[in-house]
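Everything on this sheet refers to the single structure shown next.
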Amino acid sequence: MLIDTSRTGSARVWRTDVVTDDTVDSTGNLARTGGVVTAADGASTEKYRGTTDAGACYSRVLESAHGWVTSDEQPRCRLADVVREALKG
């Protein structure tokens with residue numbers, strides 16, 4: 001998991017202006033016989049969302065299995081939710 005924020009302002013009045021929240025979960029296996037790869041496979045899920053310095057919100061969920069992208073979704077994104085969740089962690 002990676003959560004990254006950027007803040008602007010003075011020491012008394014900080015304002016979060018950019019947030020990125022990126023989580024990757026992967027599994028895989030690799031089998032070798034006599035130094036030669038005999039089997040390889042894997043799957044992963046990546047969820048990322050964030051904000052831009054212009055105030056826009058983006059969100060994406062990607063899934064892959066067996067070397068192929070199996071799902072690519074763009075969930076609804078609310079700026080307040082992204083900032084609140086990132087600052088919690």
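Heavy-atom basis, side chains included; hydrogens, waters and symmetry copies ignored. Just so we're clear, the structure is a prediction, and the values are computed from it rather than from any experiment. Numbering of residues begins at 1 and proceeds along the displayed sequence.
Applying the salt bridge (charged side-chain N to carboxylate O under 4.0 Å, His left out) rule to pairs touching residues 60-74 yields Arg60-Asp72, sequence neighbours excluded. For residues 25-36, no pair satisfies side-chain hydrogen bond (donor to acceptor under 3.5 Å, both in side chains), with sequence neighbours left out.
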Expected list for residues 40-50: side-chain donor-acceptor pairs under 3.5 angstrom, two or more places apart:
{"from": "Asp41", "atom 1": "OD1", "to": "His66", "atom 2": "ND1", "distance (Å)": "2.8"}
{"from": "Asp41", "atom 1": "OD2", "to": "His66", "atom 2": "ND1", "distance (Å)": "2.9"}
{"from": "Ser44", "atom 1": "OG", "to": "Ser64", "atom 2": "OG", "distance (Å)": "2.7"}

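To the nearest 0.5 angstrom, Asp21 atom CG is 10.5 Å from Thr51 atom OG1.
Put simply, the side chain of Leu30 reaches to within 4.5 Å of the side chain of Val37, judged on heavy atoms.
Contact record, Val19 with Tyr58: O-OH, 4.2 Å, taken as the closest heavy-atom pair. Nearest heavy-atom pair across Val61 and Pro75 is CG2-CG, 3.9 Å. In this structure, Ser59 and Gln74 approach most closely via the heavy-atom pair O-CG, 3.2 Å.
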